[in-house]
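Here's the structure, in structure tokens; my notes come after.
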Amino acid sequence: MASFCWTRLDYRLVHGQVCVAWIPQLSIKRVIIISDTLGKNAFMAKVHQMAVPGGVKCDTYTLDTAMEEWNKDQFGDGRVMVLFQEPDTAKRAWDAGYRFDALQIGTMPSANGKKLISNQCYVGEADAANFQYLIDNGVRVFCQLTPPDAEGDTQALLKKAGF
């Protein structure tokens, strides 16, 4: 069982804020990306492996493979960061049995029908429903780009945006 497991949703997955700020701040030794699309793309998995800082392992799994790993030993030893690209995958992981106390939201891109709820966080109806589902199941869902940024209460931000 991982001694520490941080769960983050960020459309960019492994990028500057994760590599330069979050991984060192949280002393992360392994990053696990859960994405059905990227989990089947060996090239992109290799790109993410090369992007993490030295001494940090990066695995990219489909949801099914991630759940096999979770059920086997709850992602092994050490300090782990789990990254999702989309709220739907986080909800489906929850439904499949991956348990997390909190979900930190980084960047979610702008698109038609999405509303800005926090700095660089655009949410549509389906996203809002997925976040509310996790909140209703006891997950603390909050927006925070970098460690010095204040945490934004997603439920309050969704309400303010009219969701």
Side-chain angles (χ1 to χ4, degrees), residues 2 4-23 25-26 28 30-41 44-45 48 51 58-71 74-75 80-163:
F4 174 83
C5 196
W6 189 257
T7 305
R8 180 176 171 91
L9 186 147
D10 196 310
Y11 180 77
R12 300 165 299 168
L13 298 169
V14 175
H15 65 285
Q17 290 171 351
V18 167
C19 292
V20 175
W22 289 110
I23 288 174
Q25 173 83 16
L26 300 171
I28 298 298
R30 182 179 181 202
V31 173
I32 296 173
I33 297 170
I34 301 176
S35 166
D36 285 335
T37 303
L38 294 175
K40 297 173 186 170
N41 186 329
M44 287 306 296
H48 285 103
C58 182
D59 295 307
T60 304
Y61 297 133
T62 63
L63 178 58
D64 288 343
T65 303
M67 292 313 303
E68 289 172 15
E69 292 294 315
W70 173 255
N71 291 329
Q74 296 187 339
F75 298 142
V80 175
M81 174 184 281
V82 173
L83 290 173
F84 294 109
Q85 196 168 35
E86 299 163 345
D88 175 66
T89 310
K91 181 204 178 279
R92 289 186 304 116
W94 179 271
D95 287 342
Y98 170 54
R99 293 296 177 255
F100 44 99
D101 296 328
L103 176 65
Q104 178 189 58
I105 305 169
T107 296
M108 291 182 59
S110 174
N112 279 340
K114 291 195 173 196
K115 298 177 185 178
L116 181 66
I117 66 163
S118 184
N119 186 21
Q120 298 182 29
C121 184
Y122 292 84
V123 174
E125 291 288 341
D127 303 324
N130 287 324
F131 291 143
Q132 191 59 54
Y133 176 85
L134 292 169
I135 291 165
D136 291 346
N137 279 279
V139 178
R140 183 173 68 93
V141 181
F142 63 97
C143 297
Q144 186 180 25
L145 290 177
T146 63
D149 296 331
E151 294 181 7
D153 176 350
T154 300
Q155 190 164 30
L157 294 168
L158 291 172
K159 184 176 181 181
K160 185 176 177 182
F163 289 105

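Position 1 is the first residue of the sequence, and the numbers go up from there.
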Nearest 0.5 Å, what's the [atom1]-[atom2] distance between [X] and [Y]?
{"X": "Lys91", "Y": "Glu86", "atom1": "NZ", "atom2": "CD", "answer": "14.0 Å"}
{"X": "Asp153", "Y": "Lys160", "atom1": "CG", "atom2": "NZ", "answer": "12.0 Å"}
{"X": "Leu13", "Y": "Ser35", "atom1": "CG", "atom2": "OG", "answer": "7.0 Å"}
{"X": "Tyr61", "Y": "Ile34", "atom1": "OH", "atom2": "CD1", "answer": "9.5 Å"}
{"X": "Arg8", "Y": "Gln144", "atom1": "CZ", "atom2": "CD", "answer": "8.0 Å"}
{"X": "Gln104", "Y": "Leu83", "atom1": "CD", "atom2": "CG", "answer": "9.5 Å"}

**Report entry** Under-4.0 Å salt bridge between Asp36 and Lys40
**Finding:** no
Give me the atom names and distance for the closest heavy-atom approach of [X] to [Y].
{"X": "Ile105", "Y": "Thr154", "result": "CD1-OG1, 3.7 Å"}
{"X": "Pro87", "Y": "Asp127", "result": "CG-OD1, 3.5 Å"}
{"X": "Cys121", "Y": "Gly106", "result": "CB-O, 4.1 Å"}
{"X": "Thr7", "Y": "Ala102", "result": "CB-O, 3.6 Å"}
{"X": "Leu145", "Y": "Trp22", "result": "O-NE1, 2.8 Å"}
{"X": "Ile23", "Y": "Val31", "result": "CD1-CG2, 3.9 Å"}

Side chain proximity check, [X] to [Y], heavy atoms < 4.5 angstrom:
{"X": "Leu38", "Y": "His48", "answer": "yes"}
{"X": "Val18", "Y": "Met81", "answer": "yes"}
{"X": "Phe163", "Y": "Gln132", "answer": "no"}
{"X": "Cys5", "Y": "Gln74", "answer": "no"}
{"X": "Arg99", "Y": "Trp94", "answer": "yes"}
{"X": "Cys58", "Y": "Ile33", "answer": "yes"}
{"X": "Ile28", "Y": "Phe4", "answer": "yes"}
{"X": "Val123", "Y": "Phe131", "answer": "yes"}

Report task. Flag yes if more than 12 heavy atoms outside Asp101 fall under 6.0 Å of its CG atom; otherwise flag no. Result -> no
Report task. Give a yes or no on whether Tyr11 atom OH has more than 12 heavy-atom contacts from other residues, nucleotides or ligands under 6.0 Å away. Result -> no
Report task. On the 0 to 90° scale, with breaks at 30° and 60°, tag the Phe142-Trp6 ring pair as parallel, tilted or perpendicular. Result -> perpendicular
Report task. Kindly write out the residues that satisfy side chain to side chain contact (heavy atoms under 4.5 Å, CB included) with Gln25, not counting sequence neighbours, or none if the list is empty. Result -> Pro147
Query raised in the report: So Val14 and Cys19, side chain to side chain contact (heavy atoms under 4.5 Å, CB included) or not? Walk me through it.
Result: CA-CA 7 Å; Val14 175; Cys19 292; 3.5 Å; yes
Requested in this report: Apply side chain to side chain contact (heavy atoms under 4.5 Å, CB included) to Glu69 and Ile32, showing your working.
Outcome: CA-CA 10 Å; Glu69 292 294 315; Ile32 296 173; over 6 Å; no
Query raised in the report: Taking only residues two or more places apart in sequence, or in another chain, which ones meet Phe75 in a ring-ring contact (aromatic ring centres under 6.0 Å, His included)?
Result: Trp70, Tyr98
